[in-house]
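These notes are about the structure you will find just below.
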Amino acid sequence: MKRSKSNVPSLQLVQHSPRHRGWLFGAVGLAAAALSGCAKNAPQDTFDPAGSNAQKIQDLQVPVFVIAGVIGVIVLAAIGFVVIRYRDRGQEMPEQSHGKPSLEIALTILPALILAGVGTFTVKTIFELAKTDDTQCIINVTGQQWWWEYDYPAQDGCGGIKAPIVTSGQLVIPTGQNVLLRITSRDVIHSYWIPRLNGKRDAVPGRVQTLRLEADQPGIYAGQCTEFCGLSHANMKMEAVALYASDFETWKANQLEGYTAPVDGSAAKQGEAVFTANCSYCHQVNDLTTTNAAGEKVPVLANPDQYIVSGAAPNLSNLMTRNTFAGATWDLLTPACRDKVWKAVPEAFGALYLQGVTPECLNQVDLREWLRNAPAKKPMYSSDAQKANSGGKVRGMPNLGLKEDQIDLIIAYLLERN
Amino acid sequence: MTIIERPSLTPVVAGSGVSVGVKPSQAYGSLRRPVSSTGWRSWVFTVDHKKLGIMYGAVAMFFFLVGGVEALLIRAQLAGPNGTVLSAGLYNEMFTMHATTMVFLFVMPMAAGFANYLVPLQIGARDVAFPRMNAFGFWCFLFGGIFLNTSWVLGGAADGGWFMYQPNANALFSPSHGIDFWGLGLQITGIASLTGALNLIVTILNMRAPGMKLMKMPIFTWMILVVQFLLVFAIPVITVALFLLMFQRAFGATFFDVGAGADPLLWQHLFWIFGHPEVYILVLPSFGIVSEVLPVFSRKPLFGYRFVVFSGAAIGFTGWGVWAHHMFASGLGPVSVAVFSMSTMLIAIPTGVKIVNWTLTLWGGKLWFTTAMMFAIGLIVEFTIGGLSGVTHAVAPSDTQQTDTYYIVAHFHYVIFGGAVLGIFSGFYYWWPKIFGKRLSEKIGKWNFWVTIIGMNLTFGPMHIIGLQGQPRRMMNWTEARAGEGFFNLGFWNRVSSSGAFILACGVGLFLINVIVTTRKAEKAPLDPWDARSLEWMTSSPPKEHNFDSIPVVHSLDEFFHRKYEENHETGELTKVATAEEVLADLEAHADAHIHMPSPSYWPIVLALALPIMGYGIIFSRILIVVGGLLVLLSMFAWTLEPSVADDTDYDPPGDPRADDGGPTKELATHV
Amino acid sequence: MFTTGSKLFLGATSLAVAALVVMGVTNAGDIGWTATVGLIGAVVALAFLTGINFFVRDGNVSSADPANVFDAAAAQRPPGRSIWPLIGAVGLGLIVVGAISTPVVFKAGVVVILAVMLEWLVHAWSEGASSDAAYNQSVRQRLMHPLEFPVLAAVGLTVMIYSFSRIMLFVSKAGSPVVFGVLAAVILLGGVLYAYSPGVKKSIAAGVCVIAGLGLVSTGAVMAIDGQRATEPHEIIANDSSICTSNEPTEADARASQELAAKSNSAAIITLHGGKLSAHQIAVPGELSTITLPRSGVSNIVFVNDDSAKVRLTAHMGTFDTATIVNGKPTTATSITCTTLVRQGGRQLLTLIYPKSSRALKSGDAYTLAVPGVESSVITVVVP
């Protein structure tokens, strides 16, 4: 994705918020030093807003950084001056003065006034960002060790959703709409953060917290769990994908499409059996069926609550529509294909993203390593000692001991989950 | 062989008519009450505030090195993408223990060491109010720290972060015993803080030299007083929280169990109600140190002494109303967030007052750039940077972008390292001649200063950039995919930061070299090497066991300075009227006839030793709890039954050799 | 200064410490705790013996004191009275009795014997510490008081508390507050009387205390033997469909209110108003009849009753196959839970976990939140 970037970021900021022009003219140099928001393509840059909510924070923090910078320079200059001017050159012993109360009081009131000004705008922004009644789309977000689940309840918002959609790894939202996330957790505290769209909000078990997200342009916005949540905290990432409303409709329709059984005799058909035997205990594939001993067709229902501490595993019905797996830590796309999606121009992004993961683009290396031995790739408290307290339940995916040919078949099956 | 009679007991006249007695060393064997003033016993069983102060400092320094090694391992792991120096589990243990060690086992006890050594000297007292409790505090700190660190070899250290958020710190999510060790270890060191705080408060309020009104008290003592009050109120909060944690982990309680209707945010509130005042507990002693150092080397009094005192008290007070700014992302709701955002801005004001006063103290002075002075000025500069970055996250919406990123790590390292630690180093260089009688090498000191300053800015400066680029804290690795490109890419600045950490380590190493070099040097420091201002310099270096031959009568702030210089009130001109040696000679000439000091005791160390035994018991075997409990009972009773001053019979030969007639004539106000 | 015996013990202690260190280093991080505790125990025990040996100088203090040479046995005062032989005999008796009756008595006997041995040892040694009886006694006290006081205090307190608890468990539930009140009043009265009559002899006061103590202990013993009153189990709400499907008050309602003072954040607030249930969820606009709750996560549901009748909120948690197979078919089980009865204007909390998705429900079944007796209005719960 291409973003308009100037070499001096503070100038770009000026364009965004003309009322701060006055500040910045005096302090462009300082701002450039204070603001580090000019990394190229840094996906988690906190000074590079891509939506209205992040922009509100930006409008507040830029002047604060500038004021802090100016005060810092004044204080440091004063110290520098004193250090040079009053060094011991053999002058007389100075007067034993104990201070000037008037000066003290003045220097106490001055910062108080500055802070009162900053405080006023701070409070205003706090309440603006806490609003929930003007949002057009509700998505429930649930964190657990170490991935995020997104469920879109049936609603009139989001352009209308008839039946619940459950997905994970990538949060898909329509552009230009204020989406409201209702965030909670299944186990420990996590924190949801897409820096370019808004600040962070903790996912606390037993509580429902809200966060507004809005993206102006289609594209992928990276995020990272920011509340320490155990062994694989670093491997709990997220990506928010913004699509034009029309593309978003296509995405929704695809998510709600029924199950397409693999063609009889194909590798994928064999893969279905391997999947049912090995993966379906925890991973739901919607409407997948199997034949029981009595010859009846019965639905295959995942029971992650019996095997996993957090009681949930990602729904894999539409795995190949998302570009990542295992807590958005690894890409399902090969680096070349990934680059194409991430760097697509806004107009072309939607079509490219909706292609999903094609067999040519599948990142076989990471996915195979994962299926071979998941805890070796992503630390997940997998030793017996570490499982002692959880009644044998695992955290994240255990090592299933799959053979290479089983992995081939599962991959063939999963490639059709799009 | 001479047989010496015990004078206080009438010998029994035996059948032969020969009066016989026995030496205490024979009667009690090695269990005789310790009274020696030399040898290892004089340190282990001491109740002398100076010896305890030195031991606090030495042990804290050791833990500083331990915490430093942990920090280096963390930075080595993060130097490049996908670091493999540490495993995920070990990395989590490392950052948890780094923070815990630096906060609870280095900065706090180091400040306690300075306070222990200097407060009685600064207020003209002969010891603290409760000397044995003082010793007990030190041993609690030492044994608590050792207990905490034995977790490394007993199944793994704590891995929940020093903030130990629930429910991640539950037994379910952290199966090793690390957090049990952590909770119990901090309880034990907490006892040290609490007893120390009560002791110093009573000492400062009751044992000041005649004439020393509160507003004539040295500023370091003032800041220590504020800190002790913070401790008295903060430690009980963390104690309660740790108790809940222990019951939750060891006995299956459900204080934070969501499924049982509890709310894990309770832990966060408890932790931060302690945790925020803790920040001021860490930094105010160093503020006190530089407020002593700057006037001395500027040759003028502290600018606005009253303002500095009151701003310190104001920081201590408002410090209680800002805890939730650690929780802006926790979902407290906009009203709470707004209130705490404002109160956090409010606390910036008294902090700013301090910086202004220090700068104005320098203004118009006659600055002498010793190493102590350089560290003090370094503190003003670095703390200012840390304070200003603090203001940027008092702005709550901005904080939701910054919290839990490296920007916060940068901020509090500028505050804690730039504030507390630089102040501690300043204190080392300033008071070393007082404590050890020798001046640390100024030449190595200058190197020490510059390498430390460069190292710290290279380590923590880039963290501002890393954080604003969106790298969260506590991640065991970072990836190229999210590092970005160009000047501000994460890869480059992470490398800079890691290199800086090793430079910083060299800076600390230079200090250790300086200590060794100085110790080997024969040259003694002059009595008053810095032309100092406060009472602790008005005695020999190192001070005698009883501190002052006669307790000075105080007439003004900076009493020592005013005994050396006379000020012409009209012209403000200063004339030197006496040298330090003359002032001291005057005091010695009027030495008190009988000085009776509290005696050493076994029981503080035995009582402190029982606590980790109970700790191991809670973790491994209930029988050990009983063993430890019995030892606690035993030593508490023994302590209670033991007089504060040893019987004459404990001496060998009997009678206090320091008192002319063997009888107590002058005692401290209180002995426990 | 080191006597032969103490050298031996010192060596043994060092050996144990060395063994501990060697074991710690060789089995880093993975020491069986029994072995560790055993070795630590050995270190402590040996160190203690070392200390004792130091202290009594191999029980040979007089040889280190040439003056004692002059003190022939005949010149010495005869040893004073001692209670330890008597207590030792009692301990032996306990051991014998315990060996043929209950192990507890046997163990008590062992403890008594050990205590006697220690006391006797120190007592005997102290009598030879010097030729001065008063001094010898002070030496003994200085050593033993810190041990004796806490142990005796702890034992005494335990006996008192245990006796008192037996009394409280014996008397009826209604009687126990009375007994408690009367006893407390008597103690207070005694205290007041004593305070107002300073002339009372110490011995009288001590006698009263001893009699009271003995009375307490003996009553306690009798009542402990007689056994305690019966305690009846209470009904609980969880998973009891007979309670949850009607608004009849039960014991559970009377005993365990789930009344809520305040809850800043909940998954849903369910209100009964005018015979109609409505739901409100944070940030979801409007009054809802269908709510979405997370699967496997904890949901806090607040129930508010605006109507005048006392009612409860019942959560139907679905019907699922169990692991029990009967005739080749899994049996099913229905899971249900509810609040206690809520008065008008009251608020109660229901903490729920839905482990399975709505998809897993049997066809025709649904997760619901309902009020028994208000059948027309039901909140449907969707678990994605």
Side-chain angles (χ1 to χ4, degrees), chain A residues 36 38-46 57 60-61 64-65 68 72 75 78-79 82 86-88 91 93-96 98-99 104 107-108 111-112 115 119 122-123 125-127 129-130 188-189 191 195 199-202 205-206 209 222 224 226 228-231 233-234 379 386 388-390, chain B residues 88-89 161 165 167-168 171-173 175 258 299-301 303-305 307 329-331 334 337-338 341-342 345 349 352-353 356 359 362-368 380-381 384 388 391-392 395-398 400-401 404 465 468-470 472 474-477 482 484-486 488-489 567 572 574:
Chain A
S36 62
C38 36
K40 280 196 197 128
N41 296 327
Q44 290 174 199
D45 193 339
T46 59
I57 297 178
L60 185 65
Q61 70 182 0
V64 171
F65 269 79
V75 173
I79 295 169
V82 169
Y86 294 108
R87 60 185 313 129
D88 189 349
Q91 66 260 48
M93 284 291 268
E95 193 192 336
Q96 300 295 299
H98 284 274
E104 297 266 1
L107 285 172
T108 310
L115 288 170
T122 301
V123 172
T125 312
I126 289 171
F127 282 92
L129 286 172
V188 303
I189 299 176
S191 194
K200 51 186 79 69
R201 179 70 75 230
D202 285 1
Q209 325 253 38
Q224 162 76 41
T226 44
F228 176 66
C229 59
L231 212 49
H233 170 56
Q386 289 165 333
N389 286 330
S390 59
Chain B
Y165 272 9
N168 192 42
L172 176 62
F173 297 107
V258 192
R299 273 78 167 242
K300 61 197 275 280
F303 189 89
Y305 168 84
F307 273 85
S330 296
V337 168
S341 194
M342 297 308 291
M345 288 180 193
I349 296 169
V353 167
V356 164
T359 312
L362 298 173
W363 199 285
K366 180 179 169 170
L367 308 187
W368 179 12
I380 307 179
V381 171
T384 302
L388 288 168
V391 172
T392 65
V395 178
S398 161
T400 60
Q401 288 286 27
D404 279 322
I465 298 168
L468 292 179
Q469 287 304 310
R474 302 170 186 135
M475 295 206 322
M476 58 151 174
N477 58 28
R482 299 201 173 181
E485 299 148 22
F488 286 116
N489 76 81
E567 192 178 5
L574 284 178

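Throughout, a chain's letter reflects where its sequence line sits, starting with A, and its residues are numbered from 1. The analysis underlying the following values was restricted to heavy atoms, covering all of them including side chains, and did not include hydrogens, waters or symmetry mates. Predicted model, so just to flag it, every value in this text is computed and none were measured.
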Among [options], which residue forms the greatest number of heavy-atom pairs with chain B at distances under 4.5 Å?
| options | result |
| --- | --- |
| A/Glu95, A/Arg201, A/His98 | A/His98 |
| A/Pro94, A/Gly99, A/Gly230, A/Gly206 | A/Pro94 |
| A/Ala112, A/Ser390, A/Ala78, A/Pro205 | A/Pro205 |
| A/Thr226, A/Thr125, A/Asp202 | A/Asp202 |
| A/Gln96, A/Gln91, A/Met93 | A/Gln96 |

Chain A contact via [X] - side chain, backbone, both or neither, heavy atoms under 4.5 Å:
| X | value |
| --- | --- |
| B/Val381 | both |
| B/Gln401 | both |
| B/Val395 | both |
| B/Thr384 | side chain |
| B/Leu574 | side chain |
| B/Met345 | both |
| B/Tyr165 | side chain |
| B/Ser330 | both |

- Message: For a 4.5 angstrom cut-off between non-hydrogen side-chain atoms, does A/Leu107 reach B/Phe307?
- Response: no
- Any side-chain heavy-atom pair from B/Val353 and A/Glu104 closer than 4.5 angstrom? yes
Supply the atom-to-atom distance [X] [atom1] to [Y] [atom2], rounded to the nearest 0.5 angstrom.
| X | Y | atom1 | atom2 | answer |
| --- | --- | --- | --- | --- |
| A/Asp45 | B/Phe488 | CG | CZ | 10.0 Å |
| A/Lys200 | A/Gln209 | NZ | CD | 14.5 Å |
| B/Leu367 | A/Tyr86 | CG | OH | 9.5 Å |
| A/Thr46 | A/Gln61 | OG1 | CD | 5.5 Å |
| B/Thr392 | B/Leu468 | OG1 | CG | 8.0 Å |
| B/Met475 | B/Asn477 | CE | CG | 6.5 Å |

By a 4.5 Å heavy-atom criterion (distance strictly below it), what part of [X] contacts chain B: side chain, backbone, both, or neither?
| X | value |
| --- | --- |
| A/Pro379 | side chain |
| A/Ile189 | both |
| A/Ala130 | side chain |

- Message: Treating B/Thr400 as the side-chain partner and B/Ala329 as the backbone partner, does any N or O pair qualify as donor plus acceptor under 3.5 Å?
- Response: no
- Message: Please check: side-chain N/O of B/Asn168 versus main-chain N/O of A/Val188, any donor-acceptor pairing under 3.5 Å?
- Response: no
- Give the member of B/Pro167, B/Ala88, B/Ser341 that has the highest number of heavy-atom pairs under 4.5 Å with chain A. B/Pro167
- Query: B/Pro334, B/Ala338, B/Gly470, B/Pro301: which one forms the most heavy-atom pairs within less than 4.5 Å of chain A?
  - Reply: B/Pro301
- Message: In terms of relative ring orientation, are A/His233 and A/Phe228 parallel, tilted or perpendicular, with 30° and 60° separating the classes?
- Response: perpendicular
